[in-house]
Structures are given as C-alpha cells and as structure tokens.
Amino acid sequence: SIGSLWGTTSGFDEQDFALVQWWWQQEFLDNSVWFRAGKIDLATMFDVYRFNSVNHYYLNAAFSDNPAIPFPENGWGVAGGWDVTEEWFLKYGIGDAEARKTETINTGNIDAWTSMATVGWNGDVGDLGKGLYQVTGWHSDRRKEPERPSASGFSVVVQQELANGWVPFVRYAWSDDAAVDVKSLITAGAVLEGVGKWENDRIGIAGGWGSPHDPAYRDQWTAEVFYRMELIPEFRLTPHAQIIVNPSRNRDDDVIGIFGVRGRLTF
C-alpha cells in the first residue's frame, strides 16, 4: 500500500487453518547426511542465516526474508544435505514452484519446479567466534499462477561473530529474470547479542538497497533498527523503526517512516 518493492514484514498475515508442513526425515552416517521428503518449506533450509526470522529479529522482509529469491510456498518436495566436515556442508532441494501453503495436499500434476543448492562453511574464526560463509544458487521453472518466467540466480551470505558480542552480516542476491520483482539486493547490518545483564535482549541495525526488474520502478533503500527485550522468559517485546527511501512503486513520497511493536508469547 505504500509502494515498497518488498514487504515491511514477511509475517503476520491471515490464512485459513491448514496443515502447512508434513514431511519425513531420515539421517545417516552419524547424522552427517540427511534426507527430507513431503510437504516442505525450502525457505527454512536455504539462504538461511542467523537473523532471517521475522519472529525473533528484524521485521522488514529485506532482512527477515530474501525478496530476490522466488521461494515457493510450502508444497511437495525433497531436500537433503551432507556435512562434509565439521565446517563444510552441502544442501540441495527441489519443490513445487506453484504450491499453495493452505492446500493440505496437491493432488494435481506439478508443472513447475524450483530447485536450490547451497555450499557453505560454518566454523570458528580465530578468537572471534563462529562464522558462516555460504553461497546458494537456484533455478525456477516458468510458472502460470502467478505468471512468471523461468529464471535463475544466487545469494551470498557472510556472517561473523565478534568478541564484543556483535554479529555483523552482509548478503547479496541477484536474479536474471523476473521470477521475483527484485533483481538485485544488498543488505548489511549487525546484532548485539546480550545487553549488559540482560543476556537474552537483542539490539539490531541494518540497511539495504534493492533494484527492480521493471524499469518503470526505481531503486529503493531501506533501514531498520530494533530492540528486543525479554520481559519474562515466556514473553519478548520488540519495538522497531524502519525508513524506506525512494519507495520503488511510489513516486509521490521520497521517505516513509514505519514504526511498530512485536510481542511474542511462548508456552
């Protein structure tokens, strides 16, 4: 409604009650090899880094999701992975590109597929802490609903713990055709894990730039800051602020501010 190239959040929408995931997983060779099949969510397995969770960290979809990748909705698919060493890992998955999350079972023919592969390294870097360095490539067949062309692309993620508690990250993603609206996306930011004696509190700041496939729209810049406070172990409150500069589909406004609060109660 404000003309943004991507959502100000990737969650909190409305949907009918449905069985959104249903899968079987088997592990082999001391759990170093795994295989999953059923109704799966590829977005939970590929291009994943520590902070792409709309429930716990950033809300803007540039940081909590990846709008430059045409992740299909939850549907029939298979995925697998291999921890080659303690640090190096490989993953591959393929799913129904036209799946509908709220359809419990798709009984029709699957006419289009989305496939993804990731190679990455996740290990200690000197005295700093854990680092994540990964590349994800993907291909999506031509889709009819919604109508989208066949396309391919990739995403690069760098995330590194620092000794002072900050965890910075950088991500770049690109697609060669309009399987999604975003052609290129660059994001960078950092999260402070633990604030003084409040070890479960989090402070985050991030910025991003995105370019659309459609030349009628303009490039967009986005920034967000949040503070997630744990009031009690079962309840966390996260006030946040976002700024969108040059909203891609809205030439009437150059700067838009968005302010909100997220509450999460667990049982």
Side-chain angles (χ1 to χ4, degrees), residues 1-15 43 47 49 51-73 97-98 100-102 114 138 140 142-157 169-191 203-228 238-263:
S1 63
I2 62 174
S4 177
L5 186 57
W6 51 75
T8 57
T9 180
S10 61
F12 316 117
D13 55 348
E14 296 182 0
Q15 69 177 35
D47 192 57
Y49 73 113
F51 307 122
N52 62 339
S53 168
V54 73
N55 293 322
H56 300 290
Y57 298 100
Y58 301 97
L59 279 86
N60 191 281
F63 316 116
S64 61
D65 197 358
N66 192 333
I69 296 181
F71 286 112
E73 293 188 33
E98 298 178 319
R100 292 292 178 267
K101 184 178 181 180
T102 53
T114 296
W138 58 267
S140 182
R142 179 179 177 273
R143 290 174 287 167
K144 297 179 181 178
E145 295 182 4
E147 185 174 353
R148 293 284 187 173
S150 173
S152 301
F154 68 90
S155 173
V156 180
V157 173
F169 67 89
V170 177
R171 181 169 62 172
Y172 174 73
W174 173 85
S175 64
D176 68 352
D177 209 340
V180 285
D181 295 333
V182 181
K183 180 178 181 179
S184 299
L185 178 71
I186 300 175
T187 60
V191 173
I203 296 174
I205 186 170
W209 165 88
S211 175
H213 279 286
D214 192 332
Y217 300 137
R218 56 183 178 174
D219 294 357
Q220 175 176 306
W221 297 81
T222 299
E224 179 178 354
V225 60
F226 73 85
Y227 185 98
R228 192 192 79 190
T238 309
H240 70 101
Q242 302 178 34
I243 295 178
I244 296 178
V245 179
N246 295 338
S248 186
R249 299 185 180 92
N250 176 5
R251 293 188 178 272
D252 295 330
D253 297 304
D254 292 329
V255 180
I256 294 177
I258 299 164
F259 306 92
V261 62
R262 174 187 61 206

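This is a predicted model, so every value here is computed, not measured.
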To check you understand the geometry: which heavy-atom pair defines the closest contact between [X] and [Y], and what is its length?
| X | Y | value |
| --- | --- | --- |
| Ala206 | Phe169 | CB-CZ, 4.1 Å |
| Leu185 | Pro67 | CD2-CD, 3.7 Å |
| Pro70 | Arg143 | CB-NH2, 4.0 Å |
| Ala68 | Ala173 | CB-CB, 3.7 Å |
| Glu73 | Lys101 | OE1-N, 2.8 Å |
| Ala151 | Trp138 | O-CZ3, 3.3 Å |

Worksheet item: Does the pair Asp181 and Leu5 meet the rule for a side chain to side chain contact (heavy atoms under 4.5 Å, CB included), with working shown?
Response: CA-CA 7 Å; Asp181 295 333; Leu5 186 57; 4.1 Å; yes
Worksheet entry | Separation of Ile244 CD1 from Trp221 CH2 (nearest 0.5 Å) |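 CD1 of Ile244 is found 14.0 Å from CH2 of Trp221.
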Worksheet entry | Point-to-point distance, once rounded to the nearest 0.5 Å, from OG of Ser175 to CD1 of Ile69 |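 Rounded to the nearest 0.5 Å, the OG-CD1 separation comes to 9.0 Å.
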Taking [X] for the side chain and [Y] for the main chain, is one N or O donor matched with an acceptor at less than 3.5 Å?
| X | Y | result |
| --- | --- | --- |
| Ser4 | Pro247 | no |
| Arg218 | Pro212 | no |
| Ser150 | Ser140 | yes |
| Tyr217 | Asn250 | no |
| Glu224 | His240 | no |
| Arg262 | Val54 | yes |

Discussion item. Between Ile203 and Val191, does the side chain to side chain contact (heavy atoms under 4.5 Å, CB included) criterion hold? Intermediate values first, please.
Written reply: CA-CA 6 Å; Ile203 296 174; Val191 173; over 6 Å; no
Discussion item. Can a side-chain donor-acceptor contact be found between Asp47 and Ser155 if the only test is distance below 3.5 angstrom?
Written reply: yes
Discussion item. Side chains of Gln242 and Asn60 only: does a donor on one sit below 3.5 Å from an acceptor on the other?
Written reply: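 Yes, because at least one side-chain N or O of Gln242 sits under 3.5 Å from a partner of the opposite role on Asn60.
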Worksheet item: Among Tyr57, Phe63, Phe226, which residue meets the ring pair (Phe, Tyr, Trp, His ring centres under 6.0 Å) test with Phe51?
Response: Tyr57
Discussion item. Looking at Asp219 and Lys183, is any side-chain nitrogen of the basic one under 4.0 Å from a carboxylate oxygen of the acidic one?
Written reply: no
Fill in: Check ion pair Arg142-Asp177 (N to O, under 4.0 angstrom)
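So Arg142 does not pair with Asp177 through a salt bridge.
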Worksheet entry | Criterion side chain to side chain contact (heavy atoms under 4.5 Å, CB included) on Asn66 and Thr187, from CA distance to verdict | CA-CA 10 Å; Asn66 192 333; Thr187 60; over 6 Å; no
Fill in: Non-hydrogen side-chain atoms of Ile2 and Thr8 separated by less than 4.5 Å
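Ile2 reaches Thr8 side chain to side chain.
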Worksheet entry | More than 12 heavy atoms of other groups within 6.0 Å of Ile256 CD1 |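 Enclosed: over 12 neighbouring heavy atoms sit under 6.0 Å from CD1 of Ile256.
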Practice prompt. May I ask you to decide if the ring planes of Trp174 and Phe154 are parallel, tilted or perpendicular, using 30° and 60° as cut-offs?
Written response: tilted
Worksheet entry | Chi angles and distances behind the side chain to side chain contact (heavy atoms under 4.5 Å, CB included) call for Asp65, Trp6 | CA-CA 10 Å; Asp65 197 358; Trp6 51 75; over 6 Å; no
